[in-house]
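Contents: one structure, followed by commentary.
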Amino acid sequence: MKFAIKSIVAAAAFVAVGAASAAPVTIAAGTGVFHGLSATGAGSLAFSVDLLGALDVGKVVVSGYGAATATVVKDVDGYYVEASASAPISSLTIDDATGTVLSALTSGGATQTSPVLAKVSTPVSYGDNVGTA
């Protein structure tokens, strides 16, 4: 089973002067300009402690996708302590009136790959392991 998160939602700080129209404007990072300001930076994603536990149960391997860099830390027993990814922002969509960042698109993310596991990723027959009295 393979899941690819192709975009990381970014928390981006962006200061801009409001304009007359309230239309969303999408600008390319590095080359696009919004009210004289250009957009640069990276988006990041950090997995919660609960998700790390689920990744351990499913024996999921986390790696970077595209231009992203993944940071994966496991303890001496091989269990996740931390998993995160950071990728360059490729564009921002901004509210033209308020300057608020509505969305961010990155050029990478995190790939999660898990092996086929008996009774986890395959159907379970409830007759298995049932004893008789």
Side-chain angles (χ1 to χ4, degrees):
M1 191 180 315
K2 186 173 183 178
F3 301 96
I5 301 172
K6 295 187 180 181
S7 296
I8 300 174
V9 178
F14 199 91
V15 179
V17 177
S21 67
V25 175
T26 300
I27 62 169
T31 59
V33 177
F34 178 74
H35 294 292
L37 300 172
S38 62
T40 59
S44 63
L45 171 72
F47 293 77
S48 70
V49 172
D50 292 335
L51 181 54
L52 293 176
L55 295 174
D56 287 328
V57 169
K59 300 186 185 305
V60 176
V61 175
V62 178
S63 58
Y65 171 85
T69 301
T71 300
V72 177
V73 179
K74 293 185 175 187
D75 64 16
V76 295
D77 296 320
Y79 294 109
Y80 284 102
V81 174
E82 174 188 352
S84 63
S86 179
I89 291 176
S90 56
S91 68
L92 293 174
T93 301
I94 302 165
D95 182 309
D96 191 33
T98 65
T100 302
V101 174
L102 302 173
S103 66
L105 181 65
T106 63
S107 55
T111 298
Q112 303 162 26
T113 307
S114 67
V116 175
L117 300 172
K119 298 186 176 142
V120 174
S121 53
T122 58
V124 175
S125 170
Y126 290 101
D128 297 353
N129 304 322
V130 175
T132 56

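A distance of 10.0 Å separates OH in Tyr65 from OG1 in Thr106, rounded to the nearest 0.5 Å.
Here the side chain of Ser90 pairs a donor or acceptor atom with the backbone of Leu105 at under 3.5 angstrom. Formation of a donor-acceptor pair under 3.5 Å by the Tyr80 side chain with backbone atoms of Leu51 is not found in this model. Side-chain atoms of Asp77 do not come within 3.5 Å of backbone N or O of Tyr79 as any donor-acceptor pair.
Using a 4.5 Å cut-off between side-chain heavy atoms of Ile, Leu, Val, Met, Phe, Trp and Tyr, Val81 falls into a hydrophobic cluster with Val73.
When all heavy atoms are compared, the tightest approach of Ser114 to Gly58 is CB-O, 3.6 Å. Of all heavy-atom pairs spanning Leu102 and Pro24, the tightest one is CD1-CB, 4.0 Å. Listed here is the closest heavy atom pair of Leu92 and Ala39: CD1-CB, 3.4 Å. Listed here is the closest heavy atom pair of Ala110 and Phe47: CB-CZ, 4.3 Å. Here the closest non-hydrogen pair linking Ala68 and Gly108 is CB-C, 3.8 Å. Residue Ser84 comes nearest to Ala46 through the heavy atom pair CB-CA, 4.0 Å, listed as atom of the first residue, atom of the second, then distance.
Side-chain atoms of Ser86 and Ser44 form no donor-acceptor pair, as typed in the model, at a separation below 3.5 Å.
Across Val72, Thr71, Leu52, a single residue satisfies side-chain contact (heavy atoms from CB on, under 4.5 Å) together with Val62, and that is Val72.
The environment of NZ in Lys59 is sparse: at most 12 heavy-atom neighbours from other residues, nucleotides or ligands sit within 6.0 Å.
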